[in-house]
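The structure appears right after this line, and notes come after that.
In what follows, every chain begins at residue 1, and chains take the letters A, B, ... in the order their sequences are listed.
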Protein chains: 2
Amino acid sequence: MADSSNGPATPSPRKRADARRNEQTLLEVAAAAFIACGVDAPVRDIAAKAGVGVGTIYRHFPTRADLVVAVYRHQVEACVEAGPTLLASNDSPHTALTRWIDLFVDFLVTKHGLAEALQSDDATFVTLHAYFIDRLTPVCADLLAAAAGAGEIRADIGAFELMFAVGNLCIGANKDPRYDARRVVALLLAGLRLD
Amino acid sequence: MADSSNGPATPSPRKRADARRNEQTLLEVAAAAFIACGVDAPVRDIAAKAGVGVGTIYRHFPTRADLVVAVYRHQVEACVEAGPTLLASNDSPHTALTRWIDLFVDFLVTKHGLAEALQSDDATFVTLHAYFIDRLTPVCADLLAAAAGAGEIRADIGAFELMFAVGNLCIGANKDPRYDARRVVALLLAGLRLD
DNA sequence: GAACATACGGAACCGTGTTCCGATTAGCAA
DNA sequence: TTGCTAATCGGAACACGGTTCCGTATGTTC
């Protein structure tokens with residue numbers, strides 16, 4: 001579903017040159033706006049900064065989720081690919097799991113408002129949630145299975161549940177210095193250990 | 001600050017009779033609306049169901065947080081009082097802590113949208129967050145200190161951080177059957193254990 | 001029952017997301 | 001180069017929810 005539904009991902013050569021240019025500009029401007037205002041950056045602001053009308057945004061990215069996914073796709077895919085790599089390069093699957101979760105947490109924590117958006121009940125964001133789950137849950141499942149197989153962790157937690165929990169723990173990560181998402185996530189992973 | 005700032009808490013006899021009546025009606029209607037639509041229930045809806053104008057709501061509860069706090073005050077206070085009680089009635093402080101957190105999780109999970117609101121970056125809700133933290137953090141701190149003192153848990157987590165984390169884990173608790181906030185919170189508490 | 005303060009209602013305003021259509025322009029063929 | 005056509009654009013207009021404000025209504029007091 002990822003690539004078949006939304007054209008924006010694959011800059012098909014059938015598109016007009018100005019359309020491709022606008023799409024590119026929008027991606028850059030949106031990335032900047034997300035850093036500045038979070039993923040809820042007003043549509044009009046993004047349009048204005050990109051020098052286009054709001055209609056142009058909606059034509060390229062029908063929902064906000066489409067835009068967010070387009071902006072962060074590279075980083076999510078990098079995270080997907082890091083899973084097997086970490087598993088191969090670490091003796092302990094639990095270490096690999098921890099490192100991978102760290103990667104994910106780093107990603108979420110540095111993207112202002114992303115973790116919040118992932119849990120927003122706004123219908124616009126269900127696609128976003130689905131994308132993250134679709135891509136990352138299988139990777140997490142492999143890491144979990146490896147760690148459980150090695151007898152390092154209990155086997156009674158699902159990949160979905162873990163991803164969901166970690167995502168939640170990243171919400172508001174930069175709001176108060178007394179809260180450190182990384183530390184709490186580490187605690188959760190510690191709770192998973194068997195020995 | 002809790003009682004000095006917002007009249008709604010103390011039904012001062014200086015208020016007009018119709019005002020007190022409206023306030024009561026609003027509390028009841030709001031409670032029902034929160035169950036039906038979550039704490040984001042449209043102001044106009046609540047006003048309409050209560051048979052008053054929107055202005056009346058804003059006069060009694062200037063911010064949404066005021067209304068939410070008024071609706072849930074009793075339950076929050078019950079949670080506050082449960083802390084010392086549990087500590088007294090359980091041999092193991094860790095058990096008391098676990099039970100108390102369970103209470104808190106139950107409260108959040110059954111209040112549609114409350115956990116989300118607690119972390120909303122909407123300025124309207126910072127007061128709500130502050131109220132919960134003000135009331136519950138000290139209780140949690142006592143439980144943590146007792147458990148740490150008994151050597152049952154590590155001492156390197158603050159009450160604020162734990163409350164924050166638990167609150168976060170309750171977000172979206174009823175959204176997907178694969179995610180069980182209670183189970184994940186239990187895992188987090190397990191990660192705290194020393195044994 | 002008159003005068004006053006208090007409280008009420010809801011119209012109006014504002015900021016955002018979203019839709020829609022007339023104007024514009026890239027791409028192409030003659 | 002010029003003219004045609006379809007793809008694309010821009011932004012006005014609409015929808016919706018929160019918030020403010022003030023003329024009106026009503027409880028309260030004397």
Side-chain angles (χ1 to χ4, degrees), chain A residues 6-8 10-27 29-30 33-34 36-68 113 116-117 120-128, chain B residues 6-8 10-27 29-30 33-34 36-68 113 116-117 120-128:
Chain A
N6 42 10
T10 34
S12 131
R14 295 232 148 284
K15 264 188 184 164
R16 258 168 55 170
D18 56 344
R20 259 171 297 157
R21 217 179 318 123
N22 275 331
E23 190 177 309
Q24 199 51 41
T25 309
L26 277 174
L27 278 178
V29 171
F34 288 173
C37 321
V39 293
D40 294 307
V43 184
R44 271 177 255 263
D45 287 6
I46 300 178
K49 271 174 197 147
V52 304
V54 288
T56 302
I57 292 193
Y58 280 97
R59 195 165 317 101
H60 287 288
F61 308 99
T63 74
R64 184 171 290 267
D66 292 323
L67 181 54
V68 176
E116 287 82 346
S120 160
D121 36 11
D122 186 337
T124 318
F125 284 125
V126 298
T127 316
L128 184 63
Chain B
N6 41 10
T10 35
S12 133
R14 296 231 147 286
K15 263 190 185 161
R16 255 167 56 170
D18 56 344
R20 260 172 296 157
R21 217 180 319 123
N22 276 331
E23 190 178 308
Q24 199 51 41
T25 309
L26 278 174
L27 279 179
V29 171
F34 288 173
C37 322
V39 293
D40 294 307
V43 184
R44 271 178 255 262
D45 287 5
I46 301 178
K49 272 173 197 147
V52 304
V54 288
T56 302
I57 292 193
Y58 281 97
R59 195 166 316 104
H60 286 288
F61 308 99
T63 75
R64 184 171 289 269
D66 292 323
L67 182 54
V68 176
E116 288 80 347
S120 160
D121 37 11
D122 186 337
T124 318
F125 284 125
V126 297
T127 315
L128 185 62

### Task
List the atom of B/Ile46, the atom of B/Ala33, and the distance in Å for their closest heavy-atom pair.
CG1-CB, 4.0 Å
### Query
How about A/Thr25 and A/Asn22: does a side-chain donor come under 3.5 Å of a side-chain acceptor?
no
### Message
Taking 4.0 Å as the cut-off, does a side-chain nitrogen or oxygen of B/Asn22 come that near to OP1 or OP2 on C/dC8?
### Response
yes
## Note on the structure
Regarding the side chain of A/Tyr58, the nearest nucleotide among C/dG9, C/dT18, D/dT20 is C/dT18
### Summary
On DNA chain D, more 5' by nearest nucleotide between A/Val52 and B/Arg64 is A/Val52
### Query
Which one, C/dG9, D/dC9, D/dT20, comes nearest to the side chain of B/Arg59?
C/dG9
### Summary
Rounded to whole Å, the CG-P distance (B/Asp121 to C/dT16) equals 13 Å
### Message
Any residue in residues 38-51 of chain B with a heavy atom nearer than 4.0 angstrom to DNA chain C? Just list them by number, or reply none.
### Response
B/Arg44, B/Gly51
### Task
Compare side-chain N and O positions of B/Thr56 against OP1 and OP2 of C/dA7 and report whether any pair is under 4.0 Å apart.
no
### Task
Sugar-phosphate means primed atoms, P, OP1 and OP2; the rest is base. With that split, encode nucleotides 22-30 of chain C 5' to 3' as B, S or - using protein heavy atoms under 4.0 Å.
---BSS---
### Message
The test is side-chain contact (heavy atoms from CB on, under 4.5 Å); show your working for A/Asp66 and A/Tyr58 and say whether it passes.
### Response
CA-CA 10 Å; A/Asp66 292 323; A/Tyr58 280 97; over 6 Å; no
#### Entry: Distance-minimising heavy-atom pair for B/Val39 and B/Phe34
CA-CD2, 3.7 Å
### Query
Do the side-chain N or O atoms of B/His60 get closer than 4.0 angstrom to the phosphate oxygens (OP1, OP2) of C/dA7?
no
### Task
To the nearest 0.5 Å, tell me how far A/Glu116 CD sits from A/Asp122 CG.
14.0 Å
### Message
Just the rounded figure in Å: distance from P of D/dT20 to CZ of B/Phe61.
### Response
16 Å
### Query
So, does A/Arg64 use its side chain to make a donor-acceptor pair with the main chain of A/Thr124 at under 3.5 Å?
no
### Length of the line joining A/Asp122:CG and D/dC16:P, which is rounded to integer Å
15 Å
### Query
Given A/Phe125 and A/Asp40, is the side-chain contact (heavy atoms from CB on, under 4.5 Å) satisfied, shown in steps?
CA-CA 11 Å; A/Phe125 284 125; A/Asp40 294 307; 3.9 Å; yes
### Query
About how many Å separate NE2 of A/His60 and CZ of A/Arg20, when rounded to the nearest 0.5 Å?
11.0 Å
### Summary
So CD of A/Glu23 and CG of A/Leu67: to nearest 0.5 Å the spacing works out to 10.0 Å
### Task
Using whole Å, report how far CD1 of B/Ile57 lies from P of D/dT19.
11 Å
